[in-house]
Amino acid sequence: QTAGKSAGLGTKLIVVSNRLPVTIQRDPNTGEFEFKMSSGGLVSALAGVKHELPFVWVGWTGAEMAPDMQSTLYSRLEVEYDCIPVFLTAEIADRYYNGFCNDVLWPLFHYITHPPANSEGEQKFDSKFWKAYRIANRCFASEIQRIYRRGDLVWVQDYHLMLLPQMLRKAIPDIQVGFFLHTPFPSSDVFRILPDHKEILRGVLDSDLIGFHTYDYASHFVSGCSRLLGLEGSHRGVKSAHHFANVGIFPIGIDPSSFIQALDSQAVKDRIQEVRKAYTGKRIILGVDRMDYIKGIPHKIKAFERLLARYPKYRASKVTLIQIGVPSRTEVEEYQKLVSITNELVGGINGKYGSVDYSPIVFINQSVKFDLLCALYYVADACVVTSIRDGMNLVSYEYVMCQLQNHGVLILSEFAGSARSLSGAMRVNPWNTDELCSAFNDALSLDKKERHIRHWKLYHYVTTHTAAFWAKSFVKEMISSCRDTLMNKSA
Ligand code: GDG
């Protein structure tokens with residue numbers, strides 16, 4: 001029997017995220033559905049919890065599905081993958097996901113406070129986006145209500161679903177629900193710009209436990225509740241009329257074993273040889289990011305240009321910046337602009353400092369296979385993260401994990417959540433081009449002993465604060481928060 005079908009008193013964890021961890025495609029010839037389980041961070045984090053508590057996953061399918069297909073899809077996903085699909089129409093999905101989530105909440109949570117009107121002059125705070133957000137959250141709530149059994153734990157992920165805890169609490173008053181935010185939570189001065197800020201706060205506050213990556217995000221949330229809703233808050237949580245929402249700090253991590261195994265595989269060893277051969281005699285600086293304006297990719301490229309301009313020793317084939325820029329949210333205008341800006345910057349620098357057989361910057365605007373990603377992490381002399389804001393940033397952890405032998409240097413923006421914990425990194429302000437340029441030079445000049453000391457600190461943190469540790473800590477704390485709530489109610 002699958003966890004999704006467990007009956008009677010709850011025994012399962014219901015994980016809810018915007019997207020299911022399964023990609024769904026249809027074979028154009030046979031019309032059959034094909035599923036591919038993704039191997040993202042959340043999936044591997046939850047694998048650690050699965051041994052202790054079976055779970056089902058509730059999420060959107062990612063595309064509109066014809067009504068006559070929905071029931072086949074539903075039963076196959078439920079039976080084969082323990083996944084419960086949420087179906088949204090194309091219009092609601094576009095307004096909810098591209099509109100409210102990615103064009104309103106995402107920039108605001110990353111301190112991008114004055115989004116300009118788009119080319120048609122439309123304002124971002126459009127009520128039709130907000131309405132679609134409410135409708136989409138309602139669709140998630142209905143699916144959860146259908147499968148929830150008393151005693152189950154519901155764990156809601158991220159900014160897409162901030163109204164869900166309240167909707168669920170209204171329908172099932174004694175529900176046990178936790179919420180985790182993967183992005184930063186901004187200061188109340190920024191958050192209050194959002195016309196619907198009060199509804200969003202109230203939406204989350206019906207959780208038993210609300211988790212953040214860092215102390216700063218948690219404290220912004222608590223002070224936001226005090227300032228904007230007049231509620232009593234402390235580092236423990238926020239008290240509203242009938243409910244106490246516990247607040248906790250749970251920094252996410254990676255699954256170190258998947259990198260150790262990969263580096264030990266022949267496929268990755270082959271990729272390492274290929275990369276080494278292609279870049280013989282060159283130092284490699286690596287950037288790995290989704291193509292997102294929060295990742296500060298233009299900042300990185302400008303500082304690299306300054307490195308070439310200021311230090312002639314790096315010119316003439318001596319250093320290459322390899323920048324992976326995975327396409328992301330390609331339907332949103334700001335993301336399209338970022339790709340053009342990046343291509344233009346890269347073209348200008350390669351034109352100025354390149355030669356027939358050398359490009360100072362290699363910009364790969366595609367996703368690369370995991371084998372090649374690990375090989376690049378392994379050979380790079382330095383990895384550079386220049387986020388202008390970032391909830392955590394897992395790339396910084398992954399690089400550390402792949403540098404067990406070479407002890408390459410991590411250059412890390414002070415605006416990434418991971419900068420709070422990765423004390424062995426070279427911390428930089430990505431807006432300070434001179435500082436970033438000097439960090440590139442320092443990283444490439446650091447002696448072996450210093451690199452070893454820095455790496456040891458980083459490695460110790462990354463291998464102890466893993467994704468599985470994050471998931472287990474959150475679930476454990478959620479269970480104890482729910483127990484406290486029940487005891488307080490019955491007292
Ligand atoms: C959000 C928050 C927070 C990247 N390129 C390729 C590839 N990747 C993988 C990396 C890494 C993941 O994507 C990116 O994770 P990040 O944490 O760096 O960033 P976001 O996607 O923005 O994630 C962030 C996170 O949620 C978790 O809470 O840390 O702050 O913004 O795992 O390896 N993987 C492959 N090919 C690529 O080309 N295979």
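Ligands are counted one by one from 1 in listed order, and the atoms in each one are counted from 1 as well.
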Identify every side-chain donor-acceptor pair in residues 412-420 under 3.5 Å, counting partners at least two apart or on other chains, and give the distances.
residue	atom	partner	partner atom	Å
S413	OG	S387	O	2.6
S413	OG	F415	N	2.9
S418	OG	M392	O	3.1
S418	OG	S396	OG	3.1
R420	NE	D216	OD2	3.3
R420	NH2	D216	OD2	3.3

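Closest of all the heavy-atom pairs between G237 and V222 is O-CG1, 4.5 Å. Scanning both residues, M162 and N137, for their nearest heavy atoms gives N-OD1, 3.6 Å.
Listed by atom number, the atoms of ligand 1 under 4.0 Å from W106 heavy atoms are 31 (O). Applying the 4.0 Å criterion to heavy atoms of H213 picks out, from ligand 1, the atoms 28 (O). Residue contact check: V395 has heavy atoms under 4.0 Å from atoms 18 (O) of ligand 1. In summary, the atoms of ligand 1 found under 4.0 Å from a heavy atom of G391, numbered by their order in the structure, are 30 (O). For ligand 1 and V288, the ligand atoms under 4.0 Å from any heavy atom of the residue are 4 (C), 5 (N). Listed by atom number, the atoms of ligand 1 under 4.0 Å from D390 heavy atoms are 24 (C), 30 (O), 31 (O). For ligand 1 and I324, the ligand atoms under 4.0 Å from any heavy atom of the residue are 38 (O). Shown in contact with V326 at under 4.0 Å from a heavy atom are these atoms of ligand 1, numbered in order with element: 4 (C), 5 (N), 6 (C), 37 (C), 38 (O).
Of the listed options K295, H182, R290, K295 places a heavy atom closest to atom 19 (O) of ligand 1.
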- Would H182 and Y159 satisfy ring pair (Phe, Tyr, Trp, His ring centres under 6.0 Å), going step by step from the backbone distance to the final call? CA-CA 8 Å; H182 289 261; Y159 63 101; 9.2 Å; no
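Within the 4.0 Å heavy-atom criterion, neither part of F109 lies near ligand 1. Both the backbone and the side chain of V368 come within contact range of ligand 1, each with a heavy atom under 4.0 Å.
Cation-pi geometry between R26 and F33 is met: under 6.0 angstrom from the ring centre, within 45 degrees of the axis.
Under the 4.0 Å criterion applied to side-chain N and carboxylate O atoms, D196 and R202 are not assigned as salt-bridge partners.
R427 contributes atom CZ, which lies 11.5 Å from atom CG of L410 (distance to the nearest 0.5 angstrom).
The closest approach between T183 and ligand 1 stays at or above 4.0 Å for every heavy atom of the residue.
Applying the salt bridge (Lys or Arg N to Asp or Glu O under 4.0 Å) test to E274 and every residue at least two apart in sequence or in another chain returns R271.
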